[in-house]
Amino acid sequence: MSQNKPTIPKGTRDFSPVEMSRRNFIFDTIKSVFKAYGYQPIETPAMENLTTLLGKYGEEGDKLLFKVLNSGDFLKGVNPNDVNSENLNSLSVKMCEKGLRYDLTVPFARFVVQYQNEITFPFKRYQIQPVWRADRPQKGRYREFYQCDVDVIGSDSLLNEIELVLIINDVFGKLGVNSTIKINNRKILSGMAEVVGESERLIDITVAIDKIDKIGLDAVNKELSEKGVSAKAIDMLQPIITLSGSNTEKLQKLRNVLAASVTGMKGIDEMQQIFDSLQPLQGLKTKVELDLSLARGLNYYTGAIFEVKANDMEMGSICGGGRYDDLTGIFGLKNVSGVGVSFGADRIYDVMLHLGAFPESLLSSSRVMFANFGSREAAFCLPILQQLRSSGISAELYPDAAKMKKQFDYANKKNIAFVVIVGEAEMQAGIASVKDMVSGNQETIKIEELVEHLK
RNA sequence: GUGGAUGUAGCUCAGUAGGUUAGAGCAUCAGAUUGUGGUUCUGAGGGUCGCCGGUUCGAGCCCGGUCUUCCACCCCA
């Protein structure tokens with residue numbers, strides 16, 4: 001018997017009924033939008049083979065993978081000489097053949113390759129499940145959190161990118177979260193690196209300029225220099241990093257700068273096409289802006305890159321994604337391009353809570369509670385409750401014949417809209433006293449008219 | 001992984017130079033009110049002061065370690 005207080009692991013959380021109703025509101029909203037665009041759900045296991053996960057998220061990502069210790073003799077195959085801290089990676093692979101998934105995209109790629117003959121392409125799927133990262137927790141960062149992924153795989157068309165923008169717009173519109181979609185293209189970034197003669201440092205360059213909003217231009221230049229980017233190249237990068245104007249103005253300027261790069265020009269064309277298509281779509285509440293400083297660390301992106309930030313609260317990105325031309329290639333299926341985004345439900349929750357964006361109605365459970373006066377009255381009420389329920393009115397009977405004060409208190413705390421009182425007198429007369437818990441008014445209703453009255 | 005803060009009742013926090021039985025508000029429960037909540041009044045319960053160790057006659061307070069949460073970096077949803 002442990003005397004210690006029960007706890008849960010660092011960075012994980014329990015969710016109360018109130019929190020769950022809010023979380024479900026987010027999940028249900030997102031799901032309804034995904035369905036409206038014809039996406040179908042899948043699920044994959046919490047654990048994947050470690051070989052599926054390793055090497056997909058960069059060096060940093062590998063470190064953040066939770067590994068699952070083998071069952072039984074996990075030291076089998078481990079040479080005592082191998083046990084030292086310089087050898088942690090190969091050691092952990094010997095003792096752990098499974099790991100918790102780090103995101104939903106890589107398991108999805110695995111899924112697509114594994115079931116390629118049963119899938120109809122283009123395959124539009126959504127997936128809402130938790131993922132785990134051994135990160136150090138802080139604001140908006142958890143070790144267990146939910147991602148809500150939508151992806152189309154098996155189609156090169158830019159219509160998919162456009163559709164994703166519309167989905168993002170719909171989701172945040174329905175949730176009432178003002179946000180901005182930042183969009184960039186990996187090909188433009190490649191073109192930049194190519195034009196300044198630093199192609200092999202693409203990742204370093206993108207990671208550095210990704211920070212411009214946070215640390216400023218000077219610090220970005222310093223970081224570039226520290227990463228070994230030549231002074232000349234940094235100089236050439238300046239007009240690109242600090243590019244301003246409308247989306248099309250930016251693209252125009254870029255055409256001049258990147259004229260020498262075939263890849264870069266292709267990226268510009270792609271972006272132009274996306275913006276042109278979005279132009280005539282009215283009612284797009286969410287701003288879409290070309291942001292060249294948007295890089296995103298995941299190195300499997302090859303085309304468009306998306307990131308969504310909440311306008312009214314400081315929070316990391318609440319949604320992100322992009323196009324990956326060859327993610328399935330590493331699992332043996334070549335030439336299949338996909339594009340998708342992932343909504344961070346937990347961050348969206350934090351933003352909505354901060355903004356007070358959750359509907360009040362989420363707090364109530366039943367619409368109606370019947371007061372309990374004893375077994376005879378309760379028995380009389382049960383059929384009435386069933387009638388209400390079958391009419392779509394959620395109703396409950398207080399389980400004990402407790403004091404009225406206690407029963408009303410309960411209804412009050414649970415935000416129940418009406419309390420129905422059927423005691424001896426009401427039973428005799430075939431009526432019910434119905435109290436509106438918001439206004440405090442109470443009226444007498446015939447039992448037969450209850451359903452109609454409470455709708 | 002690096003650096004910094006934090007931890008006292010269910011919650012939000014007091015706690016004076018280390019000195020008897022550690023306090024408040026809110027919440028909970030009971031009563032005032034035997035068929036009426038959200039207002040009021042009265043009373044009650046609830047804490048090994050995150051955990052482990054050290055210094056001291058004596059530690060909530062000082063020291064070391066550890067864990068949690070939070071913040072910055074790294075990276076990211």
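Since the structure is predicted, the reported quantities are computational estimates derived from the model, not experimental observations.
- There is no side-chain donor-acceptor pair under 3.5 Å between A:Asp325 and A:Tyr300.
- Under a cutoff of 6.0 Å and an axis angle of 45°, A:Arg23 and A:Phe15 form a cation-pi pair.
- Here A:Gly11 lies in heavy-atom contact (under 4.0 Å) with sugar-phosphate atoms only.
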Side chains of residues 59-67 of chain A: which donor-acceptor partners sit under 3.5 Å, not counting sequence neighbours?
residue, atom, partner, partner atom, Å
A:Asp62, OD1, A:Gly55, N, 2.9
A:Asp62, OD2, A:Gly55, N, 3.4

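- Remark: A:Phe418 engages no residue in a ring-ring contact (aromatic ring centres under 6.0 Å, His included) (not counting sequence neighbours).
- Residue pairs satisfying the ring-ring contact (aromatic ring centres under 6.0 Å, His included) criterion with at least one member in residues 357-387 of chain A, sequence neighbours excluded, are listed as follows: A:Tyr349-A:Phe358.
- To the nearest whole angstrom, the two C1' atoms, one in B:U55 and one in B:C63, are 7 Å apart.
- Spacing of P atoms, B:C51 relative to B:U68, comes out at 15 Å, to the nearest Å.
- Residues satisfying the side chain to side chain contact (heavy atoms under 4.5 Å, CB included) criterion with A:Glu448, sequence neighbours excluded, are A:Lys446.
- Taken residue by residue, residues 12-28 of chain A places no heavy atom nearer than 4.0 Å to RNA chain B.
- Taking the C1' atoms as reference points, B:A77 lies 30 Å from B:U12, given to the whole Å.
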Measure all distances between protein nitrogen or oxygen atoms and nitrogen or oxygen atoms of nucleotides 71-73 of chain B, and list the pairs falling under 3.5 Å.
residue, atom, partner, partner atom, Å
B:C71, OP2, A:Lys139, N, 2.1
B:A72, OP2, A:Gln138, OE1, 3.2

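- Between A:Thr302 and A:Asp326 the shortest side-chain heavy-atom distance does not fall below 4.5 Å.
- In summary, the side chains of A:Ser433 and A:Glu443 do not present any donor paired with an acceptor at a separation below 3.5 Å, with no hydrogens or angles considered.
- Within the structure, salt bridge (charged side-chain N to carboxylate O under 4.0 Å, His left out) contacts touching residues 396-407 of chain A (residues at least two apart or in different chains) are A:Glu396-A:Lys414.
- Taking atom C1' in both B:G46 and B:C70, the straight-line distance is 28 Å, to the nearest Å.
- Across B:U28 and B:G18, the matching P atoms stand 39 Å from one another, rounded to whole Å.
- Counting only distance, with no hydrogens or angles, the side chain of A:Arg125 and the backbone of A:Ile42 share no donor-acceptor pair below 3.5 Å.
- At whole-Å resolution of the value, CG in A:Leu104 and C1' in B:C76 are 14 Å apart.
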Residues 381-389 of chain A, side-chain donor-acceptor partners within the protein, below 3.5 Å, at least two apart:
residue, atom, partner, partner atom, Å
A:Gln386, OE1, A:Arg389, NH1, 2.8
A:Arg389, NE, A:Ala395, O, 3.0
A:Arg389, NH2, A:Ala395, O, 3.0

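- Residues passing the side chain to side chain contact (heavy atoms under 4.5 Å, CB included) test with A:Lys227 are A:Asp204, A:Glu223, sequence neighbours excluded.
- Look at CZ on A:Phe343: it is 13 Å from P on B:A77, rounded to the nearest Å.
- For the C1' atoms, the distance linking B:C52 with B:C57 amounts to 23 Å, nearest Å.
- With sequence neighbours left out, A:Gln407 forms a side chain to side chain donor-acceptor pair (under 3.5 Å) with no residue at all.
- Taking a pair as Watson-Crick or G-U wobble with both distances under 3.5 Å, RNA chain B forms stems of 3 or more consecutive pairs at B:1-5 with B:69-73, B:10-13 with B:23-26, B:28-32 with B:40-44, B:50-54 with B:62-66.
- Spacing of C1' atoms, B:U39 relative to B:U33, comes out at 14 Å, to the nearest Å.
- One can place CZ of A:Phe306 at 16 Å from C1' of B:A77, the figure rounded to the nearest angstrom.
- Panel note: side chain A:Asn184, backbone A:Leu294; a donor-acceptor pair is recorded below 3.5 Å.
- Atom NZ of A:Lys10 and atom P of B:U66 are 12 Å apart (whole Å).
- One can place CZ of A:Arg143 at 17 Å from P of B:A77, the figure rounded to the nearest angstrom.
- Here B:A77 presents its C1' atom at 10 Å from CZ of A:Phe172, a figure rounded to the nearest Å.
- The gap from the P atom of B:G31 to that of B:A14 amounts to 35 Å, rounded to the nearest Å.
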Give the B/S/- string for nucleotides 33-39 of chain B, one per nucleotide from 5' to 3', where a protein heavy atom under 4.0 Å of the base yields B, of only the sugar-phosphate yields S, and otherwise -. --BBBB-
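- Across the protein-nucleic acid pair, A:Glu144 atom CD and B:U69 atom P stand 13 Å apart, rounded to whole Å.
- Atom CG in A:Asp62 sits about 15 Å away from atom C1' in B:C74, given to the nearest Å.
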Applying side-chain hydrogen bond (donor to acceptor under 3.5 Å, both in side chains), run through A:Ser342 and A:Asp149 and close with a yes or a no. CA-CA 4 Å; A:Ser342 177; A:Asp149 273 38; 2.7 Å; yes
